[in-house]
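Okay, structure first, notes after.
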Amino acid sequence: MTVGLILLIVLAIALSGYVLGRRRSLRMVGGDIRKLHSLPGFYGQSVLIFAAVPALLVMLGWMLLQPPLVDRHVARLITEADIAEGSSRDLVMSDVRRIADGLDQMMAAENLSEDALQALDAGDSDIRAKLGNVGIALGSDVRSAVFEAAKVYRDSAATGRTLMTLAVIGLALTGAVFGYLRIAPEYRARNVAETSVKALLILSSFVAVLTTVGIVLSLLFESLHFFRLYPAREFFFNLTWNPQFRGGSDLGIFPLLWGTLYVSFVALVFAVPVGLMAAIYLAEYASKPVRAVAKPLIEILAGIPTIVYGLFALITIGPLLRDYFAQPLGLGASSSSVMTAGLVMGIMLIPFVSSLSDDVINAVPQAVRDGSYGLGATQSETIRQVILPAALPGIVGAILLAASRAIGETMIVVMGAGAAAKLSLNPFEAMTTITVKIVSQLTGDTEFASPETLVAFALGLSLFVVTLGLNVIALYVVRKYREQYE
Amino acid sequence: MMKDNRIEERTVDMDMTETKISARNVQVYYGETHAIRDVDVDILDKTVTAFIGPSGCGKSTFLRCLNRMNDTIPICRVEGTILLDGEDIYDKRVDPVQLRARVGMVFQKPNPFPKSIYDNVAYGPRIHGLARSKAELDDIVEKSLRRAALWSEAKDRLDQPGTGLSGGQQQRLCIARAVATEPEVLLMDEPCSALDPIATAQVEELIDELRRDYSVVIVTHSMQQAARVSQKTAFFHLGSLVEFGETGEIFTNPQDPRTESYITGRIG
């Protein structure tokens, strides 16, 4: 039975448990809901939980544990002699798994019975060709032992699946009956239902936390791997970035970090004042109709894919800046430049700053504004001296969010600033960022063993540390001012 | 202490004071709603005038007309004439910002700015350029806090946020803030509704002191409070001014049956 079908059956059991449980609770008090501890729906929910949760947990565990166990069992069938020269146990095992997967299709294509399959031997029939017919291409002829192992693999997997089906459906039924029998007017079904809601919420937050931890750990381990191959001192203090795929590369992060920070700085210098002033206009000055039109229009900017911004940088802003600023001023002849990428990224960041700041400014209580106006302050005095200080923590948060976006941005930089790792102060010079180099080190047919590819993880980790640092600063600033202002 | 029997002596010196604000035929509309009809009131200088009436009768709305705070509400429209020292405050040439510097306001809910106590009080003097030096500003802050009876509690924590004070202290801070701008008229919109009885008593005492220099207009739900602090009382009902006269008269010998019903607790 397939996993989807088992899921459907468990769900059906749980849902009928809900209906039956609800009905039973009502019947027990003769339809008078007031005599029940909880509403009838809660009784139904408690049966549903008892039926579905243990069964689904077991199913999840089974599906995680079964493949390694079967693997271990089958691997024992393959002796050292069955492993071809230049191959390894892992490769043979992956062949075994692919053959096992293909056997069912082969049986259907060739009209083989179960017995005929068992009788089939790799020695006297061309298994490789037959498997090839159903889309399983193998690198070499199938050895007898491998084919036998594949058959065992298929059998064990099928047995496991059958056992799992029985266990899961049995558990669902048992749970449903257990939950159904527990129902009594004084049974606190609402508490069970509420607890399960809480458990669900906790589980969801754990998914997010565990994912973060997982990402950080994988970055960390791969980076450690990299630092074993390439000295950390060179990585952090070498001032050149010059990867060579035949070895002997210079992999200094400094030019990339400089490019990242420079482009982000230009973007923020552009986005923060514009975004903040737009937010103030929208929140304090704009009339309702203007606001209703302008705010969504600004937020559309946030919905444009960054690749489109990249095109805009490449086709419009880059040549414009080169022809009217860089060349007349004698600062360079490249249309890819820090300025191009920074300006375009700044445009992209405007809605981040303005939308969040606008919300924060609107959240400042009207009473505080009235207090200021009541003292004879003008609108701009009120904004500068009362509203902005009160909204500062939120505004700082908005700016740092924009900064994180800027640091992590890739597409606009590739198309706007180019891919040359350079250390320069000239904003009309082409430069590149950490993200761009991560992409370029990992694209193409590479294996994850050389420092040239592993450096991507170290770069990613550095990027993560920078943005994490920004977030910590943001939290600190917000907390400091919150103490002062609340 | 204030006693009701002082009402008699208070009325005596009223004849000598002059009219500060004179409102004639005032109408206020919120969109289509006619919130205030035909209100005529004369508010005297150096007098406490109380506006009483049931909730929603328009007394706060009328109060907010007196310093054009209603300008901040887009759908609000004011008609009629309101003269401050003989000048029409709704004249096009009048800057509402300057008007509000002359007619200060204290709100129902304490609304200190998210700043230090000192900066709260210094806010008005700073934006109106009332102090020429830091020492002068310090003087104004101290004087205002003293007048609001907050100096002894606040003098050691001037650099701490005003929002950290208790509710009663916050309201006195707001009064100090309003007083610091040296207004000629002080409008108070139910200044004690969020305060406990002790803080209320302190604020009421303060109002009585402020009367020496300012004309004070107070909106209140408490008839006892109106009787305790005011010399003149106006009774509003359903957007109209029903009766306006000396506080003693209104409370002991109301002319209109609606006023009598309200002060004896039958409507409201």
Side-chain angles (χ1 to χ4, degrees), chain A residues 276 279-295 357-398 477-486, chain B residues 63-64 66-75 95-116 119-130 159-164 170-171 173-183 186-189 194:
Chain A
L276 198 55
I280 291 171
Y281 172 72
L282 284 180
E284 297 291 321
Y285 290 91
S287 65
K288 269 220 178 91
V290 173
R291 191 181 147 84
V293 175
K295 199 171 177 191
S357 306
D358 178 52
D359 291 345
V360 180
I361 291 172
N362 270 322
V364 174
Q366 183 62 31
V368 175
R369 288 190 185 91
D370 281 349
S372 176
Y373 293 141
L375 289 172
T378 64
Q379 204 162 5
S380 74
E381 280 166 341
T382 304
I383 291 165
R384 251 183 300 126
Q385 304 198 24
V386 178
I387 295 175
L388 285 187
L392 192 66
I395 292 173
V396 170
V477 168
V478 168
R479 198 166 300 154
K480 182 169 177 234
Y481 281 95
R482 199 164 272 165
E483 273 168 13
Q484 199 171 333
Y485 286 119
E486 268 175 29
Chain B
L63 188 77
R64 290 167 65 96
L66 300 181
N67 70 343
R68 293 185 60 174
M69 274 307 277
N70 285 331
D71 289 15
T72 59
I73 303 168
I75 57 162
D95 181 1
V97 168
Q98 273 175 338
L99 170 73
R100 289 181 202 138
R102 291 173 63 191
V103 184
M105 187 154 190
V106 175
F107 296 83
Q108 181 173 2
K109 235 181 96 213
N111 56 352
F113 300 137
K115 295 169 173 292
S116 70
D119 287 337
N120 259 284
V121 181
Y123 184 82
R126 274 189 183 134
I127 58 176
H128 297 298
L130 298 183
D159 55 344
Q160 284 173 30
T163 39
Q170 285 190 10
Q171 191 63 301
L173 176 63
C174 293
I175 293 172
R177 191 174 73 182
V179 169
T181 336
E182 304 271 339
L186 194 57
L187 309 176
M188 301 178 123
D189 190 356

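Heavy-atom basis, side chains included; hydrogens, waters and symmetry copies ignored. Letters go in sequence order (proteins before strands), and every chain restarts at 1.
Separation of atoms CD (A:Gln366) and OG1 (B:Thr72) is listed at 6.0 Å; rounding is to 0.5 Å. Note that CD of A:Glu381 is 7.5 Å distant from NE2 of B:His128, once rounded to the nearest 0.5 Å.
Both the backbone and the side chain of A:Ser372 come within less than 4.5 Å of a heavy atom of chain B. Heavy atoms closer than 4.5 Å to chain A are found in the side chain of B:Arg64, but not in its backbone. For a residue to count as touching a neighbouring chain, one of its non-hydrogen atoms must lie under 4.5 Å from one of that chain's; by this rule B:Val106 does not touch chain A.
Across all non-hydrogen atoms, the minimal contact from B:Asn111 to A:Asp370 is ND2-C, 4.4 Å. The shortest non-hydrogen separation linking A:Val368 to B:Phe113 is O-CE2, 3.4 Å.
A 4.5 Å side-chain heavy-atom check between A:Val386 and B:Tyr123 finds at least one atom pair inside the cut-off. Between B:Ile127 and A:Gln385 the shortest side-chain heavy-atom distance falls below 4.5 Å.
Most heavy-atom pairs under 4.5 Å with chain B, from the set A:Ala377, A:Pro365, A:Gly376: that is A:Gly376.
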